[in-house]
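Scroll down for the structure; my scribbles are underneath it.
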Amino acid sequence: MNEMLVTIQNLSFSYEKIENEILHDISFDVSRGESIGIIGSNGSGKSTLLKVIAGLYPDFQGRVKIQDMEVVKKNVNHIQQQLGYVFQDVDSQLFLSTVEEELCFGPMNQGLSKSLVKERVQKTADILGLNSLRDRQISKLSGGEKRLVSLGCVLTMNPLLLLMDEPTTALDSKNRRNFIRLFQSLEQTKIMVSHDLDLILETCKRTILLDKGRVICDMDTTTLLKNEELLAKYDLELPYALQKK
Amino acid sequence: MNKIYLAVHKIRTIEELARRDQWVNKLHPLVKFIVTISFLVCLISIHRFDLERLMYLAVILYVCFLAANLSLVQALKRIWYIIPLLIVGGIANPILDRKELELIAGVMITSGQLSFFVLLLKGMLSVLMSYFLIATTTMEELTAALYLVKVPRSFILIILFVYRYLFLLMEETSQVLVAYQLRTSGSKGIHYKEWGSLVGLLLLRTIKRGEECYQSMKLRGYQGGFYTMKSLKVNKVDILSLGAYALLLYLVFQGPVFVWIGVWLEGVMG
Ligand SMILES: Nc1ncnc2c1ncn2[C@@H]1O[C@H](COP(=O)(O)OP(=O)(O)OP(=O)(O)O)[C@@H](O)[C@H]1O
Ligand SMILES: [Mg+2]
């Protein structure tokens, strides 16, 4: 049995500390190197779950542990240096002015030497095909280009755990295909939220279905995504790859 | 395209200027920071009727612009909209202060007019000098340099956040305006009844964006340090440039150069 990287026990969370709970009693484990998909209809709490795991809202109930470290206020800084988080909305993720600055920001904060930062950035730019964009200004990029940059600036940090919130929105089919290849080649532990069930089917062995902040089921992706009845009940559809012609 | 979008675009173009590859841009960010600050200090210290020394400073500014290969005309085009502000700030002077003065040989002017003019020029010069700084130094380099010399972190953060927040605010404003215009069949202005709710919306949106921006910084390992990939070693060129500037500032601002020129002219004329 693999060592656990993320452990979540009885996690409940609400934004304004009132009765309106967004996440209810969520428990699951993620072992090292595993890829997990999280699906669910709009507003079911997927993004919130990722943010809580990333330590952005440390005043939740229950326990979240990442690599034997409790996600509590005093550990948050340390934990966040080992995380890569791809935002659902690229514009909130990118805040510097050029692509190059964005790519360097993470590794520089990790305290790497300049030559190492350069090396990492070069490698990432090669993988994502960002070389021609490096001197461009973020505000002048297309939606898909920004998406690639947002992936890039997370990869340059070489994180232990990748949390991705709809990482393929705005990508064209070629880049989506590249992303899938990239995703499969990464050895890190990955948790990915997506509405693209075909993507989940291709990349994640295990999938968690969320509805109104509750874990409805947590199982093998193919079994889950074949279950048309279950999916329909939670406003989802069979992925194309599994639809009978 | 609405005006705010264009304004954001203009500032972004200034940032592009800062990334040009030439010697003033390559100077150590601290050199440029010191140059700017010392210029501003001299500027502030000028007496409100002292047009002459203000002119000397204008010469220094011009030299800086030349050295940095910046176009003064372009800069003026970009900052013209501060002129109304300066006018509003100083308009009381010529109205209230009507004492007559002799400017040069026979040209009469009231002291109010003079101080108004000086104020206007002072404002322009200080904005132009700040323009010089941001058009030759990226925010990233500047904050990293200030951090390196142990300027208090809160001070750097203020500079950085004001700068970044400005963009956020402007970008959000521009988006809200576009959305508004699209849904009111392209109306030119905004109905006064909607101003209140729009401003409120804007505030909420920028707060949200600001928070997300902070979250994104934290998630990428930000822990209060400021770094840049540029080398922050002080070179000979940096020291020489700063020395040259200090000399220039002394000679021109303190005026000996003009005294020498005067003496020389007298000698030439006989
Ligand atoms: N900052 C916030 N403050 C208060 N409520 C919030 C906040 N962010 C999200 N919510 C609420 O929490 C609920 C879950 O939101 P969340 O963003 O996690 O959904 P999601 O599953 O990611 O949806 P989507 O598929 O649309 O991205 C929603 O009802 C939303 O209105
Ligand atoms: Mg979401």
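Below, each value reflects all heavy atoms present in this structure, side chains not excepted, and no hydrogens, waters or symmetry copies. Note that the structure is a prediction, hence the values are computed from the model and not measured. A note on names: the letters A, B, ... follow the listed sequences, proteins ahead of strands, and every chain is numbered from 1.
At distances below 3.5 Å, not a single donor-acceptor pair connects side-chain atoms of Q223(B) with backbone N or O atoms of N109(A).
Using a 4.5 Å cut-off between heavy atoms, K118(A) touches chain B through backbone and side chain atoms alike. Interface residue M217(B): backbone and side-chain heavy atoms are both found under 4.5 Å from chain A. Looking at M157(A), the atoms closer than 4.5 Å to chain B (heavy atoms on both sides) all sit in the side chain, from C-beta outward. Heavy-atom distances place the side chain of Q137(A), and not its backbone, under 4.5 Å from chain B. With a 4.5 Å cut-off on non-hydrogen atoms, F95(A) touches chain B through its backbone and its side chain both. At a 4.5 Å heavy-atom cutoff, the contact between V76(A) and chain B is made by side-chain atoms alone.
Salt bridge absent: E100(A) and R19(B) never bring a charged side-chain N and a carboxylate O closer than 4.0 Å.
Side-chain contact check for Q80(A) versus R220(B): every heavy-atom pair is 4.5 Å or farther apart.
Heavy atoms only, all atoms of each residue included: Y57(A) and Q215(B) are closest at OH-NE2, 3.3 Å. Taking both residues in full, the closest heavy atoms of S216(B) and S92(A) are given as CB-O, 3.5 Å, listed atom of the first, atom of the second, then distance. Closest approach of G221(B) and Q81(A) over heavy atoms only: O-NE2, 3.1 Å.
In this structure, L56(A) CG and L219(B) CG are separated by 4.5 Å, a value rounded to the nearest 0.5 Å. To the nearest 0.5 angstrom, E140(B) atom CD is 7.5 Å from S97(A) atom OG.
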Open item on the list: Using side-chain contact (heavy atoms from CB on, under 4.5 Å), reason through T228(B) and E101(A) one step at a time and then give a plain yes or no.
Closed with: CA-CA 8 Å; T228(B) 173; E101(A) 284 173 15; over 6 Å; no
Open item on the list: Is there a side-chain contact (heavy atoms from CB on, under 4.5 Å) between F105(A) and Y227(B)? Walk through the geometry before answering.
Closed with: CA-CA 8 Å; F105(A) 187 82; Y227(B) 309 96; over 6 Å; no
